[in-house]
Amino acid sequence: AEDAAAGGDEGKTDVDSFGAEMVEETDTGVDSGAGEQTSEIILAAQQAERILNSADLETSLNLVERAVQQNLFHEKQLRYRECPVGDEALLATTSTANGAAGGDAAAAAAVNLDAALGEGGSQADSLTTNGAVKPNLKNLFTFECEFTAGRTVTSMVWNRVNKDILAVGYGEFQSSENAGGLVLFWSLRNPQFPERVLDIPSGVTAVDFSSKMPNLLAVGMYDGTVAIYNLRKDQSDLKAPVLESGNLPGKHMDPVWQVKWIDKGPERGETLVSISTDGRVVEWSMKKGLSSHSLMVLKRIGNSDGIISRQASGLSFDFPQGDSSMYYAGTEDGYIHRCSCSYNEQYLDTYTGHTGPVYRIRCSPFWPTAFLSCSADWTVKLWTHEQQEFVQQFHSVDLSDVVHDIAWSPTTSTIFGSVTGDGRVEIWDLSVSMLDPVVCLFSDGTKNNTLEFDDEPEDKGVECPAQTSILFSDTEPVLAVGDETGAVRVYQIGGLDLTPDLPVQAQIDRLKGCMA
């Protein structure tokens, strides 16, 4: 019995051991399955992260984005390049064929004019008395996104090599808090979102691309800083500039209102010049870091009784075409001073005529002697450096607001544009009229080519945002205009001879003839 009992206990032990082993194996199997599942999830997450961060995926997405954008904006992109579109292309081909065959090309040309009118136009309204198309602006694109809302466009510049890249500076100056600034790089390839974004610690007041090194962008800021960014760096490395005035002794103490790269010749290379309301015009060199010296400390002229500071606040400047030895500086007092880069004790000349701050000075791209200025006194003035009084004044009879910016056409010596505080864009052609602009367009698309003296203020429609910046394209018949809401509109220019086949001297003679 004892042996049986012992055998029974031994058998029970074997059974218990077998059960324990089964339980252990079962638990191990569950743990093994869960571990395999966990590792699969980890591997899948790692693979997804590799794909999402891969350069190949980014390239593929960019290609798809380009294809979608081309589907959406193909016609407008062709118009940007001044290529015939749709029926216009067919009519142009037909007109050429008829001309070669001796057919009636005039009839085809007349139909082509109808096609060129665009939406909402009529032939009577869009043709001059001799049958030509009237000067006009057609909105192609509007560069704006969520980043630009509530910010003011302060400056714009085309890249010196890739002429389709537009750098736009934005600032927010309405609130007391410093909201920082932005520089967005817009491209014809994607009008709905910028190619790159620069977050700037202070409001951006000025931008300019280098001509010698077109990957370098100079930025002037509201806090007085001048910074230089290298756009060859990746987006993640663009947060910090390669050079900045920061805490340098020569830093501006007030907002920097303009920066401009100046070619000083093969020996000195390219330098950067800035102007500020602290009264200084400063030249910056990059040979050994960022160093500076003052070209001029602007001083007030005339009676200074009751004036706290003898320094004049600088707002704008420009160098004549091909001359890096002298420049014009516009001040808050309304004076324009001609200054030498090698002599900073006194002005070479002072030009009087404006009664408000001079917001912009633009030298003629053809004739170094001539330059334009615009002011808060509602006017644009044309000058030559030989006369200290303006040669011609331009002012629309119904304009009663500041002229923020002006720009010469880079291809036609007698054409320039201006933008104003009441929301209008004006194109002037001195060969057509010295009294009225050939185009006057408000940002909401309404025109005001004729003034009716019995018009009520509400007849002008909704109040338009102030237009703050204007820039002609160097290569295409288009105009970029920025406003105080952060929008940049790109217009196609029609009805103007923007590509005259004239040598430089003929362009100069043409401008001289208008000024005589």
Side-chain angles (χ1 to χ4, degrees), residues 155-167 206-220 226-233 241-245 248-252 256 258-276 280-297 314 316-329 337-345 347-349 361-371 385 407-408 410-411 413 471-475 502-508:
S155 54
M156 303 185 295
V157 62
W158 298 102
N159 187 265
R160 309 303 184 193
V161 174
N162 188 341
K163 303 291 187 177
D164 291 334
I165 297 293
L166 180 67
V207 293
D208 194 36
F209 274 114
S210 167
S211 296
K212 298 292 184 181
M213 294 176 284
N215 56 298
L216 296 183
L217 179 78
V219 178
V226 173
I228 298 173
Y229 290 84
N230 184 1
L231 301 181
R232 282 183 180 165
K233 293 188 175 183
V242 292
L243 293 170
E244 66 171 332
S245 58
L248 294 178
K251 177 189 174 182
H252 288 293
V256 177
Q258 190 175 350
V259 293
K260 187 177 180 68
W261 293 92
I262 304 298
D263 186 4
K264 293 286 188 175
E267 293 185 2
R268 295 190 58 191
E270 197 175 37
T271 62
L272 182 66
V273 178
S274 62
I275 193 170
S276 168
R280 293 186 302 133
V281 183
V282 177
E283 184 177 46
W284 304 86
S285 174
M286 297 188 299
K287 290 184 177 180
K288 297 180 180 179
L290 191 64
S291 58
S292 67
H293 75 277
S294 292
L295 291 178
M296 176 65 74
V297 177
S316 59
F317 71 93
D318 201 9
F319 283 71
Q321 183 75 13
D323 186 358
S324 60
S325 63
M326 56 83 64
Y327 59 94
Y328 304 97
H337 305 294
R338 187 162 72 97
C339 309
S340 171
C341 290
S342 56
Y343 184 70
N344 60 6
E345 293 299 323
Y347 308 127
L348 299 178
D349 285 305
I361 297 173
R362 300 285 192 190
C363 293
S364 168
F366 297 98
W367 189 23
T369 300
F371 63 96
H385 75 73
W408 286 99
T411 57
S413 62
L471 192 63
F472 284 87
S473 169
D474 292 335
T475 57
L502 295 174
V504 173
Q505 188 56 49
Q507 293 270 21
I508 294 174

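Here the straight-line distance linking atom CE of Met156 with atom CG of Leu166 works out to 6.0 Å at 0.5 Å rounding. Annotation: the span from Leu502 atom CG to Thr411 atom OG1 amounts to 10.5 Å, rounded to 0.5 Å. Remark: Phe319 CZ to Ile361 CD1 distance equals 11.5 Å, nearest 0.5 Å.
Heavy atoms only, all atoms of each residue included: Lys264 and Ser324 are closest at NZ-O, 3.0 Å. Of all the heavy atoms in Val273 and Ile262, the pair that sits closest is CG2-CG1, 3.9 Å. Heavy atoms only, all atoms of each residue included: Pro410 and Phe366 are closest at O-CZ, 3.5 Å. The shortest non-hydrogen separation linking Phe371 to Cys363 is CB-CA, 3.8 Å. Across all their heavy atoms, Leu217 and Ala167 have their closest contact at CD1-CB, 4.3 Å. Between Leu295 and Cys341, the closest heavy-atom pair is CD2-O, 3.9 Å.
Here the side chain of Arg280 pairs a donor or acceptor atom with the backbone of Lys251 at under 3.5 angstrom. Looking only at distances, a side-chain donor or acceptor of Gln507 sits under 3.5 Å from a matching main-chain atom of Ser413. Remark: the backbone N or O of Asp208 is paired with a side-chain donor or acceptor of Trp261 at under 3.5 angstrom. The main-chain N or O of Pro214 is found under 3.5 Å from a side-chain atom of Asn159 such that the two form a donor-acceptor pair.
A side chain to side chain donor-acceptor pair (under 3.5 Å) with Trp284 is found for exactly one of Ser291, Ser274, Ser245, Ser292, namely Ser274.
Inter-residue side-chain proximity for Val242 and Met286 is flagged as unmet; no heavy-atom pair is nearer than 4.5 Å. Using a 4.5 Å heavy-atom threshold, the side chains of Asp349 and His385 count as separate. For the pair Val282/Val226, no side-chain contact is recorded, criterion being any heavy-atom separation below 4.5 Å from C-beta on. For the pair Gln321/Ser364, no side-chain contact is recorded, criterion being any heavy-atom separation below 4.5 Å from C-beta on.
Under 3.5 Å, the side chains of Ser473 and Trp158 contain no donor-acceptor pair of N or O atoms.
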Derivation of the side chain to side chain contact (heavy atoms under 4.5 Å, CB included) call for Cys339 and Phe317: CA-CA 10 Å; Cys339 309; Phe317 71 93; over 6 Å; no

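With sequence neighbours excluded, no residue satisfies ring pair (Phe, Tyr, Trp, His ring centres under 6.0 Å) with Phe209.
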